[in-house]
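Remember, it's 1-based here, ligands and their atoms both numbered in the order they're listed. Owing to the predicted nature of the structure, the values given are computational and were not obtained by experimental measurement.
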Amino acid sequence: MTAENDRRPALRQAADAARYAPSIHNTQPWKWTVHPDRLELHAVTDRQLTVQDPDGHMLLLSCGAALHHARLALAAAGWQTRVDRPAGDPLAVLHPTEHGEPEPAAVERFEQLKARHTDRRTVGDTPLDPKVLDDLVAATEQEGTRLHVITRDQVIDLAVIVERAERTETSDERLQQETAEWVGGERTDGTGIPAANLPAGLPPTTVAERDFGQAGTLPPGEGHDTAATYAVLYGTGDERDEWLRAGEALDALWLAATAHGAGLLPLSSPIEVGYTRLELRRIIGDLGAPYLVVRLGNLDEADGARPARTPRLPVDQVITEVAS
Ligand SMILES: Cc1cc2nc3c(=O)[nH]c(=O)nc-3n(C[C@H](O)[C@H](O)[C@H](O)COP(=O)(O)O)c2cc1C
């Protein structure tokens with residue numbers, strides 16, 4: 001059998017690679033169906049944060065990140081892929097079309113997939129090189145979502161917005177209960193954020209990190225965020241497909257940052273809270289709909305080892321193979 005008609009191994013590998021994608025509170029709200037000729041991505045609303053994310057926006061960003069991981073795995077295996085985005089379920093269908101030599105850039109990016117992780121320690125003192133930042137903006141925009149880099153004089157405005165969002169979320173008891181179900185402890189079920197990935201105390205940054213309501217065991221680092229770059233992913237609207245594409249762009253941005261030795265920390269509370277999302281819109285000059293705030297910076301590995309990997313659901317809980 002030639003590579004042309006033997007797509008199943010590549011599809012299986014792509015679904016498996018997608019397991020390592022980032023997701024809100026590590027909920028992994030996706031499921032893949034492997035067909036002989038195509039791969040379907042389904043949203044799993046049982047793993048949606050219904051209090052924190054009632055509209056499913058964070059779920060869609062997470063599924064978009066998984067979709068980008070799968071696309072990249074197929075590209076690194078030499079497949080050109082057409083992605084259909086039907087209106088209902090599934091969210092997306094990947095059809096490998098032609099096989100050939102993989103692009104070296106796809107292979108290189110694919111290698112970043114296992115190195116990418118969320119690092120909640122403070123970033124180092126050296127700001128990102130402007131050329132690196134240009135590359136990160138280009139990597140995001142190639143996926144059809146824009147990246148607004150926050151200027152120095154906007155950082156205080158951003159800090160105030162994030163603080164308001166954090167205050168709104170931490171004072172919501174139902175939301176705190178939901179967070180506690182997903183965060184802390186050892187997370188032996190393969191989902192959620194273990195204590196080992198949460199800082200032992202919130203680091204003294206200008207723009208606050210998410211307060212998960214409990215201290216972890218990760219040393220937060222000595223630094224501050226004075227050398228961090230904050231940016232907002234944004235696009236034209238609030239349709240399902242736009243959030244999914246924004247997730248793909250987030251993943252492309254994150255892998256590009258990883259390739260440059262930089263870290264990315266998503267800050268989603270100002271997006272989840274309605275009025276702070278409106279305030280964010282003002283910060284980006286009313287250019288469009290904000291999807292996510294991210295902190296970018298050089299990781300100061302001298303501060304200690306990178307955090308342990310977050311767990312993942314076993315293969316049989318996220319991948320199903322069917323005969324036709
Ligand atoms: C849409 C989205 C929103 C996220 N929001 C936050 C956040 O507000 N604060 C945070 O510390 N991590 C946030 N994360 C990071 C996740 O917690 C992380 O991806 C997940 O725990 C898996 O860990 P890993 O990225 O190290 O693989 C977010 C991730 C995604 C995809």
*How far apart are the C-alpha atoms of S268 and E272, what are their side-chain angles, what is the distance that settles it, and do they pass the side-chain hydrogen bond (donor to acceptor under 3.5 Å, both in side chains) test?*
CA-CA 6 Å; S268 51; E272 292 153 2; 3.0 Å; yes

*asked:* Side chains of T33 and H42 only: does a donor on one sit below 3.5 Å from an acceptor on the other?
replied: yes

*List the closest protein heavy-atom neighbour of atom 18 (C) of ligand 1: residue, atom name, distance to the nearest 0.1 Å.*
T118 OG1, 3.3 Å

*In terms of ring plane angle, is the pair W243 and H57 parallel, tilted or perpendicular, where the classes change at 30° and 60°?*
parallel

*Looking just at side-chain N and O atoms, do R312 and T310 make a donor-acceptor pair shorter than 3.5 Å?*
yes

*Going by the atom numbers of ligand 1, which of them fall below 4.0 Å from some non-hydrogen atom of L267?*
8 (O)

*Among P307, P199, S23, closest by any non-hydrogen atom to atom 16 (C) of ligand 1*: S23

*In terms of atom number and element, which parts of ligand 1 are under 4.0 angstrom from non-hydrogen atoms of I193?*
17 (O), 21 (O)

*Please determine if P266 has a nitrogen or oxygen closer than 3.5 Å to a nitrogen or oxygen of ligand 1.*
yes

_Polar atom proximity, Y20 to ligand 1 (N or O, under 3.5 Å)_ = no

*Does ligand 1 have an atom under 4.0 Å from some heavy atom of R116?*
yes

*Taking distance alone, with no angle check, do S268 and ligand 1 share an N/O pair under 3.5 Å?*
yes

*Hey, are E242 and T236 close enough side-chain-wise for a donor-acceptor pair under 3.5 Å?*
yes

*Should one rank R120, M58, R210, R19 by closest heavy-atom distance to atom 11 (O) of ligand 1, which comes out on top?*
R120

*Any atoms of ligand 1 less than 4.0 Å from a non-hydrogen atom of L61? List them with their elements.*
1 (C)

*Residue F212 vicinity, atoms of ligand 1 by number, heavy atom under 4.0 Å*: 10 (C), 11 (O)

Which side-chain N or O atoms in residues 247-265 pair as donor and acceptor under 3.5 Å with protein atoms at least two apart or in another chain?
from	atom 1	to	atom 2	distance (Å)
E248	OE1	R71	NH1	2.6
E248	OE1	R85	NH2	3.1
E248	OE2	R85	NH1	2.9
E248	OE2	R85	NH2	3.2
D251	OD1	H69	ND1	3.2
D251	OD2	H68	ND1	2.7
D251	OD2	H69	ND1	2.7
W254	NE1	H117	O	3.3
T258	OG1	W254	O	2.7
H260	NE2	D135	OD2	2.6

_Taking a cutoff of less than 4.0 Å between a non-hydrogen atom of the residue and any ligand atom, is R312 in contact with ligand 1?_
yes

*With sequence neighbours left out, what residues match T217 under side chain to side chain contact (heavy atoms under 4.5 Å, CB included)?*
A196

*Can you list the ligand 1 atoms lying under 4.0 Å from a non-hydrogen atom of P22?*
19 (O), 25 (O), 31 (C)

_List ligand 1 atoms under 4.0 Å from N26, heavy atoms only on the residue side._
20 (C), 21 (O), 22 (C)

*Measure the spacing between CG of D157 and OG1 of T151 and express it to the nearest 0.5 Å.*
8.5 Å

*How close does the nearest protein non-hydrogen atom get to atom 22 (C) of ligand 1, and which residue and atom is it?*
T310 OG1, 3.6 Å

*Is E141 atom CD crowded by more than 12 heavy atoms from other residues, nucleotides or ligands, each under 6.0 Å away?*
yes

